[in-house]
Amino acid sequence: MNLASHTESIASILSSQQNRPGALLPILHDIQEALGFIPPDSIQQIASALNLSRAEVHGVITFYHHFRTTPPARHTIEICCAEACQSMGAERLVEHAKQRLAGSKHGECEVKPVYCLGLCATSPALMVGEELHARVTPEKFDRLIEQMGIKT
Amino acid sequence: MSIKIFVPGDSAALALGADAVAKNILAEAARRNMAVELVRNGSRGMLWLEPLVEVQTDKGRVAYGPVEGKDVRALFDADFLHGGKHKLGLGLTEELPYLKKQERLTFARVGITDPLSLEDYLAHDGFQGLRKALAMQPAAIVQQVTDSGLRGRGGAAFPTGIKWKTVLNTAAAQKYIVCNADEGDSGTFADRMLMEGDPFLLVEGMTIAALAVGATQGYIYVRSEYPHSITILNEAIAVARKAGYLGPNILDSGKSFELEVRKGAGAYVCGEETSLLESLEGKRGIVRAKPPLPAIAGLFGMPTVINNVISLASVPIILDKGAAFYKNYGMGRSNGTLPFQLAGNIKHGGLIEKAFGVTLRQLMYDFGGGSASGRPIKAVQVGGPLGAYLPESQWDTPLDYEAYTALWAVLGHGGIVVHDDSADLAKLARYAMKFCAIESCGKCTPCRIGATRGVEVMDKIIAGQDTEAQVELLRDLCDTMLNGSMCAMGGMTPYPVLSALNHFPRDFVKKIPV
Ligand SMILES: Cc1cc2nc3c(=O)[nH]c(=O)nc-3n(C[C@H](O)[C@H](O)[C@H](O)COP(=O)(O)O)c2cc1C
Ligand code: SF4
Ligand code: FES
Ligand code: FES
């Protein structure tokens with residue numbers, strides 16, 4: 001997607017959302033959903049629409065772990081690293097994932113930590129997009145990345 | 001007549017392949033020319049059995065689990081549609097001891113009904129509490145909630161009725177009801193299971209709160225890690241509104257209440273109530289100084305009730321069956337029930353709603369069946385990442401707010417994370433500091449700087465550098481965080497750290513390599 005079409009989709013999100021009370025978070029969510037990230041050069045556009053300073057918008061984007069300002073990898077795997085998953089070997093799973101994906105192409109797959117997916121009785125757990133996986137063993141992980149078509 | 005089959009649509013079941021099971025059941029039924037009606041219910045909370053498939057028979061619901069997609073053909077061969085014998089068969093669901101031994105008040109319907117069927121909800125006592133509330137004066141509703149003894153289930157255990165009373169008595173042009181569905185604690189999933197398994201109950205509880213204090217707008221702030229909860233809540237709100245349970249004229253009472261779901265963005269601290277309000281206003285989730293209380297100046301500066309999902313979802317039964325009915329459960333000043341969440345290294349993890357007073361040992365062994373690994377259980381963290389680690393000597397204390405305070409521990413949101421003897425408590429203490437450093441909102445120094453220094457100190461302790469002096473430094477740092485932080489993020493991180501140090505000191509002494 002090019003810059004012009006970014007500006008356009010952001011403009012349409014802004015015009016439909018900007019009058020909601022507390023509009024900034026819903027707007028950032030919509031932008032990230034549409035484009036995969038929040039382009040840094042869109043901060044001015046967002047700030048103007050909401051009558052905020054650029055610093056305020058930047059501050060919000062960087063405060064929340066969920067928002068990103070760079071395009072995501074083709075796949076993102078979020079592995080839970082919180083206590084319940086740790087008790088069932090999350091650390092080993094992360095190690096395994098890193099090893100398995102070490103050989104993959106740059107930008108192919110990113111592994112990110114998350115802190116609890118609410119699957120703590122069936123841990124360790126991970127999330128790909130909105131798809132959840134629980135009781136993830138290294139073998140199950142390997143099957144998953146194979147199904148996702150990730151070349152390692 | 002078609003046969004009713006239940007395959008949960010709860011996130012935990014989905015994460016274990018429930019969609020494939022559902023798909024295969026429909027395909028196999030079609031292939032065999034059998035008429036089935038598939039319901040995507042909530043989870044019964046026996047999570048080690050998920051996906052738990054149930055079939056409606058004339059004797060009651062019969063359960064099979066954990067079912068994988070590949071088991072479906074064999075289940076049909078075994079005539080599971082009529083409760084036939086199969087190695088995954090568990091018998092009548094209601095007779096399973098794990099469920100039978102519970103006291104399900106708030107979770108009475110979860111797993112039983114179709115979460116988005118209004119008909120089902122009404123057939124199972126749904127909206128009875130709201131109907132009673134509509135016939136009452138606001139102050140009388142507040143009084144019922146106060147009399148029930150309900151205390152906030154989000155962690156701080158503040159009496160819900162008293163909070164509501166402040167909002168009722170504060171005059172304003174606009175008041176708000178905010179539901180805290182940020183559920184960030186590791187080891188907790190009760191809010192999620194309730195929102196996915198019985199969303200109308202939360203809608204009903206929030207509407208009653210609105211009637212009680214005179215609010216007309218509500219928000220449910222759900223963490224972004226719960227996409228399925230968000231979808232289900234949005235659908236439930238639309239259904240309820242269409243049927244007149246929400247909107248400009250609730251059940252022709254002339255009262256109005258609108259409800260909207262807002263999505264968090266992955267910040268743990270946004271579960272803290274004032275940080276959450278900042279976030280709802282579209283700002284960074286920086287904790288506000290109190291006073292003013294949110295009940296007086298909350299969302300957009302207006303009087304606001306902010307309550308946890310389970311607090312709000314416990315209100316309808318209180319209105320329906322009366323304060324005394326609810327208060328009869330529990331012990332001391334801990335009235336009613338708490339949905340405990342048994343998680344981590346445990347054989348039979350899941351949701352156990354019990355009256356206060358049950359012990360950790362009962363939950364972990366009578367319900368949980370011991371560790372998942374089969375190794376001895378070493379430490380249990382109760383109450384999320386800011387909760388203490390409890391050693392075996394404390395497992396027989398009744399789970400009660402005051403009894404836990406006396407142990408220098410907390411019940412929090414009822415999460416219980418079990419660790420076996422392979423756990424290294426020094427590493428877990430370091431993690432607690434690290435988590436605080438990552439999630440600190442940055443408003444106050446003891447937490448923002450203290451947690452980072454805490455990680456460094458823990459690194460030295462783990463490396464065995466100058467242990468005695470470093471442990472002393474750690475205690476000093478914890479003292480500063482405990483007494484100098486503005487909110488419980490920095491103020492309670494010392495709970496896991498110091499409880500680990502005090503109860504498991506050997507983990508803090510570097511093992512000399514042989
Ligand atoms: C760091 C931090 C995180 C919190 N996270 C949550 C949460 O995820 N859910 C919740 O209901 N309360 C959470 N709380 C407690 C809230 O501040 C507040 O006490 C609660 O929402 C009040 O509702 P209740 O009275 O119904 O419990 C958190 C508190 C702190 C300090
Ligand atoms: S204790 Fe931490 S999270 Fe709480 S206000 Fe201070 S810096 Fe923010
Ligand atoms: S701790 Fe990993 S899902 Fe909750
Ligand atoms: S500037 Fe305030 S603590 Fe450093």
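A, B, ... follow the sequence lines: proteins, then strands. Residue 1 opens every chain.
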Closest approach of Gly118(A) to Phe189(B) (non-hydrogen atoms, all atoms of both residues) = O-CB, 3.3 Å
Apply salt bridge (charged side-chain N to carboxylate O under 4.0 Å, His left out) to the pair Glu110(A) and Lys112(A), showing each step before the final yes or no.
-> CA-CA 6 Å; Glu110(A) 180 187 5; Lys112(A) 278 177 65 180; 5.4 Å; no
Report the option among Gly344(B), Ala12(B), Ser224(B), Gly350(B) that has the most heavy-atom pairs separated by less than 4.5 Å from atoms of chain A.
-> Gly344(B)
Side chain, backbone, both or neither of Val269(B) within contact of chain A (heavy atoms, under 4.5 Å) | side chain
Side chain, backbone, both or neither: which part of Asp191(B) has an atom under 4.5 Å from a heavy atom of chain A?
-> neither
Polar side-chain atom of Gln32(A) near backbone of Leu35(A) as donor-acceptor pair, under 3.5 Å | no
Which word best sums up how the rings of Trp48(B) and His348(B) line up, parallel for under 30°, tilted for 30 to 60°, or perpendicular for over 60°?
-> parallel
Between Pro26(A) and chain B, which part of the residue has a heavy atom less than 4.5 Å away: side chain, backbone, both or neither?
-> side chain
The side-chain hydrogen bond (donor to acceptor under 3.5 Å, both in side chains) partners of Glu56(A) (sequence neighbours excluded) come to Ser53(A)
Based on non-hydrogen pairs under 4.5 Å, which of Gly17(B), Gly415(B), Ala432(B), Ser279(B) is most in contact with chain A?
-> Ser279(B)
The interface call for Thr188(B) against chain A, heavy-atom contacts under 4.5 Å, is backbone
CZ (Arg430(B)) with more than 12 external heavy atoms under 6.0 Å = yes
Is it the side chain or the backbone of Glu260(B) that comes within 4.5 Å of chain A heavy atoms, both, or neither?
-> side chain
Checking heavy atoms, do the side chain of Leu47(B), its backbone, both or neither come under 4.5 Å from chain A?
-> both
Run the side chain to side chain contact (heavy atoms under 4.5 Å, CB included) check on His65(A) and Glu439(B) step by step: do they pass?
-> CA-CA 9 Å; His65(A) 303 304; Glu439(B) 300 297 333; 3.1 Å; yes
Chain A heavy atoms under 4.5 Å from Glu183(B): which part of the residue, side chain, backbone, both or neither?
-> neither
Are there residues of residues 73-91 of chain A that reach to under 4.5 Å of chain B by heavy atoms, and which ones?
-> Cys81(A), Ala82(A), Glu83(A), Ala84(A), Gln86(A), Ser87(A), Met88(A), Glu91(A)
Shortest non-hydrogen contact between Ser499(B) and Ala388(B), atoms and distance | OG-CA, 3.5 Å
Tell me, for Ala423(B) versus chain A, whether the close heavy atoms (under 4.5 Å) come from the side chain, the backbone, both or neither.
-> neither
Note: vs chain A, highest number of non-hydrogen pairs under 4.5 angstrom among Ser371(B), Gly264(B), Ser373(B) is Gly264(B)
Would you call the rings of Phe67(A) and Tyr64(A) parallel, tilted or perpendicular, where under 30° means parallel and over 60° means perpendicular?
-> perpendicular
At a heavy-atom separation under 4.5 Å, does Tyr268(B) approach chain A through its side chain, its backbone, both, or neither?
-> neither
Are Lys443(B) and Glu272(B) ion-paired here, with the side-chain N under 4.0 Å from a carboxylate O?
-> no
Relative to chain A, which of Ser186(B), Ser422(B), Gly266(B), Gly349(B) shows the most heavy atom pairs under 4.5 Å?
-> Ser186(B)
Report the option among Ser123(A), Gly59(A), Ala125(A), Pro124(A) that has the most heavy-atom pairs separated by less than 4.5 Å from atoms of chain B.
-> Gly59(A)
Indicate the ring-plane relationship of His29(A) and His66(A), choosing parallel, tilted or perpendicular according to the 30° and 60° boundaries.
-> tilted
Sub-3.5 Å donor-acceptor pair from the side chain of Glu353(B) to the main-chain atoms of Leu351(B), do we have one?
-> no
